[in-house]
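Heads up: the structure comes next, in structure tokens.
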Amino acid sequence: MRDTEREEYVRQLHSRLLQQDPVAPSEFAETFLNELVRRLRAKASSGYDETLLLDAASDALLDYVKHPSKFDPSKSAILTYLTMAAYGDLLNMIAKEQRRQRREVPLQVVEETLSDGNNTIELENRVLGGITGTERDELLRRVAETFPDERDRKLLNLMMDGERKTVEYSNILGIQTLALDEQRKIVKRHKDRITKRLQRLGGKINGK
Amino acid sequence: MESKSNSFLLQHAARRAAQDRFFFSNSLVEFRNVRGMAEDQLAEFLGCRPIVLLKLALCRRPDPESPNFRSDMERIASVFKIRPERLVQLIREVDTMKALTKISQAKQRVPEGLLAAARDVDEDDSGHGDIVNPSENEKEPE
């Protein structure tokens, strides 16, 4: 799409959103979410949690389609506006995450249990067998807190079980209808995200 | 043709949108929960392909109280080639379940409130109030 056509298309979509066309939010997301994520990645540079980045981009876009009158087309281009909004959301999410981490007690249970220096969290007998009931409850509570999403906990369980089959993860993610290559990529992305969260929790999974 | 990574992003956005009743996503998730349906079963129910569910999820949810409800539903149905009567059924069923849940919660709140009041009296009076928590009497001596 050429720039002028695109501008005109944005103007029309914006106007349809203002008129509460029920399909316009979906059309807008389908057309611009990809580009918004790309711009946000470029602006945020590397090192950001991918999930937070996608959350921020999604939230900014959803907020706009819900409240289109907040945006004034005469002041800036829609993608510039959304990238700024998403970046602001991202910074807020990161600050919130950091505040949450500061409030947390260090995970001494795991550190003390593992004497081999691997600093590995494995919810297996190796770890859970050597700690008291209270410590075990605390550790499991921390895991539940780190993975509030039930789907993430299911993925984590599969990882803990050493499951390697992509299809098992795809079923949980609901992406089994996609091509296998795409499924692998998405599953890997989620596994990496979960591993990162585990690392932040205080250790590594299976020595990865 | 739509790229697969775009599907992934739309899926992510649809999940975020599910937390907000403004979006159809919220009703789709509620309906699946009520019916215990998998995604492909929901697609079959609506007579569309699973990928269409993603697009539907990001639509504005028409308000049944609005005079535009019918035209909004027809528009969505016609754009995504979904059976309109099923869309209406979905919205109605979700709204009915929500209303029933609210009634049930309101009924439960009354005795809970009374119990809370009883506990307050008990605590304020340091165990000498008129209302005593029965479990206190069953405690083993320490």
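A note on names: the letters A, B, ... follow the listed sequences, proteins ahead of strands, and every chain is numbered from 1.
- A/E27 does not touch chain B: none of its heavy atoms, backbone or side chain, sits under 4.5 Å away.
- Residues of residues 70-83 of chain A lying under 4.5 angstrom from chain B, judged on non-hydrogen atoms, do not exist.
- Counting only distance, with no hydrogens or angles, the side chain of B/D72 and the backbone of A/D21 share no donor-acceptor pair below 3.5 Å.
- Residue A/L173 touches chain B through its backbone alone, counting heavy-atom pairs closer than 4.5 Å.
- Using non-hydrogen atoms only and a strict 4.5 Å limit, the part of residues 56-70 of chain B facing chain A consists of B/L58, B/C59, B/R60.
- The stretch residues 18-31 of chain B places B/D20, B/F22, B/F23 near chain A, each with some heavy atom under 4.5 Å from a heavy atom of that chain.
- Counting only distance, with no hydrogens or angles, the side chain of A/S26 and the backbone of B/K55 share a donor-acceptor pair below 3.5 Å.
- Of all residues spanning residues 77-97 of chain B, those with a heavy atom less than 4.5 Å away from chain A's heavy atoms are B/V79, B/F80, arranged by number.
- Both the backbone and the side chain of A/D55 come within less than 4.5 Å of a heavy atom of chain B.
- With a threshold of 4.5 angstrom between heavy atoms, A/R151 approaches chain B through side-chain atoms but not through N, CA, C or O.
- The residue among B/M73, B/R15, B/E39 with the most heavy atom pairs within less than 4.5 Å of chain A is B/R15.
- For A/V37, the part sitting under 4.5 Å from any heavy atom of chain B is the side chain, from C-beta outward, and nothing else.
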